[in-house]
Undergrad: 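Can you keep this structure in mind? I'll have questions shortly.
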Amino acid sequence: MALLEVKELTKHFGGLTAVGDVSLELNEGELVGLIGPNGAGKTTLFNLLTGVYEPSEGSVTLDGNLLNGKKPYTIASLGLSRTFQNIRLFKNMTVIENVLVGMENKRRSHLLASFLRLPQFYANESDLRQKALALLKIFNLEDKAETLAKNLPYGQQRRLEIVRALATEPKILFLDEPAAGMNPQETAELTGLIRQIKEEFDITIMLIEHDMSLVMDVTERIYVLEYGRLIAEGTPEEIKTNKRVIEAYLGGEA
Ligand SMILES: Nc1ncnc2c1ncn2[C@@H]1O[C@H](COP(=O)(O)OP(=O)(O)OP(=O)(O)O)[C@@H](O)[C@H]1O
């Protein structure tokens with residue numbers, strides 16, 4: 001059984017079918033791309049999978065458990081984590097505080113212990129900080145731990161978003177256009193980072209990205225959406241030469 005199973009998923013906005021009859025699967029440990037021209041329904045699909053929107057029809061199951069109707073925080077606690085197209089960091093908090101917020105739902109400390117500031121509260125606090133620092137180190141952000149998120153350069157803010165999403169220890173990480181707005185050097189660093197996440201963390205990744213060379217470079221399998229419908233699925237090599245996909249992209253640019 002696949003880790004995530006999406007069956008005949010549909011979302012209407014009034015008369016517009018933003019996602020129509022989409023069925024797909026994510027297997028454990030896979031790095032899968034989701035591409036398509038502007039307005040194809042990619043972000044709407046992520047919003048359906050992470051509980052931001054409720055589907056009009058169809059189902060999403062994680063490890064056999066139905067996710068339909070569950071709230072985003074419940075879905076997050078079940079192991080689905082994401083980043084957003086527009087950076088959503090707590091800009092006036094430090095880098096490490098942003099990561100600690102990501103870890104919040106994994107916090108083991110008992111509420112009473114934290115109110116009373118009992119020793120186990122401090123033990124847990126410092127455990128979490130150590131863990132957050134270790135994560136930041138992997139992504140070369142350790143020396144920025146006490147910097148306010150808003151003072152990081154753009155590429156590092158995007159990286160921090162990924163670290164924060166990883167801090168929830170997800171089974172599946174959804175990345176929504178992580179290279180948007182990045183310069184070529186930042187994009188190259190990101191490519192390395194995505195590979196590193198795949199190697200060092202035991203997770204499944206789905207990636208929306210307009211930067212074709214990035215998608216073709218890092219993913220193992222790609223789904224293509226156009227006008228809310230899946231028009232192709234295959235390896236990067238298959239997708240590159242797929243006539244229907246080429247038409248969709250040329251049509252989009254015409
Ligand atoms: N909340 C909403 N209300 C109404 N229409 C919406 C809403 N969200 C998205 N849409 C419409 O649904 C369609 C799909 O949009 P979506 O943002 O999912 O596409 P996308 O593939 O992510 O596009 P892009 O690559 O430009 O980010 C578009 O026509 C969009 O205008």
Side-chain angles (χ1 to χ4, degrees), residues 4 6-26 31-60 67-73 75-76 80-89 154-155 157-158 161-162 165 172-183 186-187 190-191 194 204-219 221-234 236 239-240 242 244-254:
L4 190 84
V6 175
K7 289 210 176 111
E8 294 160 13
L9 203 62
T10 295
K11 179 69 183 174
H12 304 294
F13 292 114
L16 175 85
T17 303
V19 169
D21 209 18
V22 167
S23 296
L24 57 82
E25 291 184 350
L26 297 182
L31 209 173
V32 175
L34 177 63
I35 64 170
N38 287 329
K42 304 178 295 294
T43 298
T44 303
L45 181 59
F46 269 23
N47 284 335
L48 290 169
L49 301 181
T50 53
V52 175
Y53 295 148
E54 271 204 52
S56 309
E57 287 155 48
S59 65
V60 182
L67 299 185
N68 293 50
K70 291 197 168 38
K71 298 282 173 225
Y73 61 82
I75 292 179
L80 264 58
S81 188
R82 70 177 294 181
T83 63
F84 293 85
Q85 216 166 326
N86 303 312
I87 295 179
R88 292 195 190 175
L89 291 170
Y154 181 81
Q157 288 194 20
R158 282 233 163 257
E161 256 219 316
I162 299 175
I172 308 180
L173 176 63
F174 293 100
L175 300 174
D176 194 348
E177 286 196 48
M182 283 190 171
N183 63 37
E186 288 169 335
T187 304
L190 178 75
T191 308
I194 292 172
T204 303
I205 301 174
M206 192 174 210
L207 169 76
I208 294 178
E209 190 47 69
H210 282 289
D211 185 321
M212 282 304 138
S213 60
L214 170 58
V215 179
M216 298 293 167
D217 220 13
V218 299
T219 62
R221 207 153 63 79
I222 297 174
Y223 286 103
V224 188
L225 276 178
E226 185 190 32
Y227 298 120
R229 308 267 163 185
L230 269 185
I231 57 163
E233 183 261 329
I239 294 299
K240 260 186 225 172
N242 182 304
R244 185 73 190 78
V245 175
I246 296 167
E247 274 169 24
Y249 274 91
L250 291 178
E253 281 163 21

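In listed order, ligands and their atoms are each counted from 1.
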Undergrad: If the contact criterion is a heavy-atom separation under 4.0 Å, does Gly36 count as touching ligand 1?
TA: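 No, Gly36 has no heavy atom closer than 4.0 Å to ligand 1.
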Undergrad: Keeping Glu161 on the side-chain end and Arg88 on the backbone end, is there a donor-acceptor pair under 3.5 Å?
TA: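 Checking the backbone N and O of Arg88 against the side chain of Glu161, a donor-acceptor pair under 3.5 Å is found.
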Undergrad: Any nitrogen or oxygen of Gly39 lying under 3.5 Å from a nitrogen or oxygen in ligand 1? Just yes or no.
TA: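 Yes, at least one N or O pair falls under 3.5 Å.
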Undergrad: Run the numbers for me: atoms of ligand 1, each under 4.0 Å from some heavy atom of Thr44, listed by number.
TA: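 Within the 4.0 Å cut-off of Thr44, ligand 1 contributes 9 (C), 14 (C), 15 (O), 16 (P), 18 (O).
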Undergrad: Where is the nearest protein heavy atom to atom 1 (N) of ligand 1: which residue, which atom, and how far?
TA: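 Looking only at protein heavy atoms, the one closest to atom 1 (N) of ligand 1 is Tyr53 OH, 3.1 Å.
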Undergrad: For Phe13, is at least one N or O under 3.5 Å away from an N or O on ligand 1?
TA: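 Between Phe13 and ligand 1, no N or O pair is found under 3.5 Å apart.
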Undergrad: Ignoring hydrogens and angles, tell me if any N or O in the side chain of Asn68 forms a donor-acceptor pair with the backbone of Val60 under 3.5 Å.
TA: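 Yes.
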Undergrad: Main chain of Gly36, side chain of Tyr249: is a donor-acceptor contact present, judged purely on distance under 3.5 Å?
TA: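 Yes; judged by distance alone, with no hydrogens or angles, the pair exists.
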Undergrad: Hey, is the main chain of Val32 close enough, under 3.5 Å, to the side chain of Thr219 for a donor-acceptor pair?
TA: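 No, the answer is negative, given that no donor and acceptor are paired below the 3.5 Å cut-off.
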Undergrad: Walk me through whether Asp176 and Phe84 qualify under side chain to side chain contact (heavy atoms under 4.5 Å, CB included).
TA: CA-CA 5 Å; Asp176 194 348; Phe84 293 85; 5.7 Å; no
Undergrad: List ligand 1 atoms under 4.0 Å from His210, heavy atoms only on the residue side.
TA: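 In order of numbering, the contacting atoms are 25 (O).
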Undergrad: Apply salt bridge (charged side-chain N to carboxylate O under 4.0 Å, His left out) to residues Arg244 and Glu226 and explain how you reach the verdict.
TA: CA-CA 10 Å; Arg244 185 73 190 78; Glu226 185 190 32; 2.8 Å; yes
Undergrad: Between Tyr227 and Gly20, is there a donor-acceptor pair closer than 3.5 Å when you use the side chain of the first and the backbone of the second?
TA: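 Side chain of Tyr227 to backbone of Gly20: no pair is present.
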Undergrad: At less than 4.0 angstrom from any non-hydrogen atom of Gln85, what atoms of ligand 1 do you find?
TA: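 Taking each heavy atom of Gln85 in turn, ligand 1 has 27 (O) under 4.0 Å.
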Undergrad: Please state which part of Phe46 comes within less than 4.0 Å of ligand 1, counting heavy atoms only: side chain, backbone, both or neither.
TA: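 No part of Phe46 comes within reach of ligand 1.
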Undergrad: Show which atoms of ligand 1 fall inside a sub-4.0 Å distance from at least one heavy-atom site of Ala40.
TA: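 Answer for ligand 1: 19 (O), 20 (P), 21 (O).
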Undergrad: Tell me if a side-chain donor or acceptor on Ser23 pairs with a main-chain N or O of Glu8 at a distance below 3.5 Å.
TA: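 Flag set: sc Ser23 to bb Glu8 pair under 3.5 Å.
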Undergrad: Out of all atoms in ligand 1, which are within 4.0 Å of some heavy atom of Glu177? Include the element for each.
TA: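 Every atom of ligand 1 under 4.0 Å from some heavy atom of Glu177: 25 (O), 27 (O).
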Undergrad: Counting only heavy atoms on the protein side, is anything nearer than 4.0 Å to atom 27 (O) of ligand 1?
TA: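 Neighbour list for atom 27 (O) of ligand 1 includes protein heavy atoms (cut-off 4.0 Å).
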Undergrad: Ignoring hydrogens and angles, tell me if any N or O in the side chain of Lys42 forms a donor-acceptor pair with the backbone of Leu225 under 3.5 Å.
TA: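 Looks like no, no N/O pair under 3.5 Å.
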Undergrad: Of the protein's non-hydrogen atoms, which lies at the shortest distance from atom 17 (O) of ligand 1, and what is that distance?
TA: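 Checked against all protein heavy atoms, atom 17 (O) of ligand 1 sits closest to Thr43 CB, 3.9 Å.
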Undergrad: Using a 4.0 Å cutoff against the non-hydrogen atoms of Ala18, which atoms of ligand 1 qualify?
TA: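 Near Ala18, meaning under 4.0 Å from one of its heavy atoms, ligand 1 has 12 (O), 13 (C).
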Undergrad: Among all the protein's non-hydrogen atoms, which is closest to atom 19 (O) of ligand 1, and how far away is it?
TA: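 Protein heavy atom with the smallest distance to atom 19 (O) of ligand 1: Gly41 N, 3.1 Å.
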Undergrad: Where's the contact between Leu16 and ligand 1, heavy-atom distance under 4.0 Å: side chain, backbone, both or neither?
TA: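 Only the side chain of Leu16 comes within reach of ligand 1.
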Undergrad: Taking Lys71 for the side chain and Gly51 for the main chain, is one N or O donor matched with an acceptor at less than 3.5 Å?
TA: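 Judged by distance alone, no pair lies under 3.5 Å.
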